[in-house]
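Following: one structure in structure tokens, then a few remarks.
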Amino acid sequence: AFEKGVMMDYENVTPNLHFFGVKEQLGQVAAILIDNAITHTDKGGTITIKLWKTPHHIHLTVANTGKEIPENERERLFERFYRADESRHRASGHFGLGLSIAKTIVTNHKGRIGVDCADGITTFTVRLKIQ
């Protein structure tokens with residue numbers, strides 16, 4: 001992010017959250033979403049990370065400024081090997097597996113993952129049920 005001049009805002013992260021799950025896998029989900037945001041944020045853009053708890057869920061959002069994903073492609077992003085912009089990913093060394101892996105991990109933890117785009121901001125949201 002630093003090398004691209006991308007500003008990262010992670011002030012809205014609640015400390016000391018506890019969740020029963022595989023720590024390394026949940027860390028991998030966060031890493032995939034942040035890496036994805038860095039890849040798709042133009043120089044000088046912004047990434048906002050939020051992590052918080054409600055009575056029954058833990059929520060993680062990773063939002064970035066940049067080109068919006070067409071609505072008809074959003075759910076396909078979580079399919080293995082799917083890439084919304086073939087030429088852009090091929091040059092960057094991405095193979096269309098990260099979001100599929102993230103979805104599998106979240107699903108295995110009885111959670112949900114989704115994406116939304118509005119006003120030039122793409123937001124990936126993870127919701128994990130507290131057991």
Side-chain angles (χ1 to χ4, degrees):
F2 176 78
E3 292 168 354
K4 285 182 75 174
V6 172
M7 179 68 103
M8 293 188 70
D9 174 14
Y10 49 90
E11 294 178 11
N12 296 314
V13 173
T14 304
N16 301 317
L17 291 179
H18 297 281
F19 180 80
F20 291 105
V22 181
K23 178 181 177 180
E24 294 80 12
Q25 289 181 358
L26 295 170
Q28 186 177 11
V29 169
I32 288 167
L33 296 178
I34 292 167
D35 180 62
N36 188 67
I38 292 169
T39 299
H40 296 288
T41 302
D42 294 329
K43 186 174 183 170
T46 303
I47 297 171
T48 304
I49 302 165
K50 297 180 182 179
L51 178 67
W52 73 98
K53 179 181 174 184
T54 57
H56 302 288
H57 296 93
I58 291 178
H59 305 266
L60 168 68
T61 61
V62 178
N64 64 282
T65 57
K67 183 179 172 187
E68 289 189 21
I69 303 163
E71 189 170 349
N72 62 335
E73 294 186 16
R74 293 178 193 165
E75 276 304 310
R76 295 202 62 207
L77 292 176
F78 299 102
E79 295 175 11
R80 288 180 61 195
F81 304 114
Y82 182 77
R83 297 179 294 196
D85 184 348
E86 291 284 330
S87 62
R88 186 172 178 185
H89 291 291
R90 197 175 300 127
S92 68
H94 290 254
F95 300 100
L97 290 172
L99 293 174
S100 173
I101 292 168
K103 182 174 183 171
T104 299
I105 292 169
V106 170
T107 300
N108 288 344
H109 283 83
K110 309 290 189 245
R112 292 183 176 203
I113 186 170
V115 62
D116 187 42
C117 298
D119 302 321
I121 298 174
T122 298
T123 304
F124 283 88
T125 303
V126 174
R127 186 178 77 175
L128 300 169
K129 186 171 182 171
I130 298 172
Q131 301 171 1

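Just so you know, residue 1 is the first one in the sequence shown, and it goes up from there. Both backbone and side-chain heavy atoms feed into the values below; hydrogens, waters and symmetry mates do not.
- Rounded to the nearest 0.5 Å, atoms OG1 (Thr107) and CZ (Arg112) are 9.5 Å apart.
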Can you check side-chain contact (heavy atoms from CB on, under 4.5 Å) on Leu128 and Leu26, steps first, answer last?
CA-CA 10 Å; Leu128 300 169; Leu26 295 170; 3.9 Å; yes

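- Taking the side chain as every heavy atom from C-beta outward, Asp42 and Thr65 never approach each other to under 4.5 Å.
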Identify every side-chain donor-acceptor pair in residues 7-21 under 3.5 Å, counting partners at least two apart or on other chains, and give the distances.
unit_1 : atom_1 : unit_2 : atom_2 : d
Asp9   : OD1    : Glu11  : N      : 3.1
Thr14  : OG1    : Leu51  : O      : 3.1

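- The side-chain contact (heavy atoms from CB on, under 4.5 Å) with Val115 is formed by just one residue from the set Leu33, Thr122, Asn36; it is Thr122.
- Residues satisfying the salt bridge (charged side-chain N to carboxylate O under 4.0 Å, His left out) test with Arg74, not counting sequence neighbours, are Asp116.
- Here the side chains of Ile130 and Lys53 are in contact, with some heavy-atom distance below 4.5 Å.
- Linking ILVMFWY side-chain heavy atoms closer than 4.5 Å, directly or via other members, places Leu97 and Val126 in a single hydrophobic cluster.
- Lys129 approaches His57 most closely through the heavy-atom pair CA-CD2, 3.6 Å.
- A pairwise comparison of heavy atoms in Ala63 and Ile121 identifies CB-CG2, 3.8 Å as the closest pair.
- A donor-acceptor contact shorter than 3.5 Å links the side chain of Lys4 to the backbone of Thr41.
- Phe124 and Ile34 fall within a single hydrophobic cluster, where Ile, Leu, Val, Met, Phe, Trp and Tyr side chains are chained together by heavy-atom contacts under 4.5 Å.
- In this structure, Glu68 and Cys117 approach most closely via the heavy-atom pair OE1-CB, 3.9 Å.
- Here the NE2 atom belonging to His59 is positioned 12.5 Å from the NZ atom belonging to Lys50, to the nearest 0.5 angstrom.
- Here the CD atom belonging to Glu73 is positioned 7.0 Å from the CG atom belonging to Leu77, to the nearest 0.5 angstrom.
- Rounding to the nearest 0.5 Å gives a distance of 11.0 Å between OG1 of Thr104 and CG of Leu99.
- Annotation: the span from Arg76 atom CZ to Ile69 atom CD1 amounts to 13.0 Å, rounded to 0.5 Å.
- A pairwise comparison of heavy atoms in Val106 and Ile113 identifies CG1-N, 4.0 Å as the closest pair.
- Val62 and Ala37 get closest at one heavy-atom pair: CG1-CB, 3.8 Å.
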Please report the C-alpha distance between Ile101 and Val29 in whole Å, then the side-chain angles of each, then the deciding distance to 0.1 Å, and finally whether the side-chain contact (heavy atoms from CB on, under 4.5 Å) criterion is met.
CA-CA 8 Å; Ile101 292 168; Val29 169; over 6 Å; no

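- Annotation: side chain to side chain contact (heavy atoms under 4.5 Å, CB included) contacts of Thr125 (sequence neighbours excluded): Thr61, Thr123.
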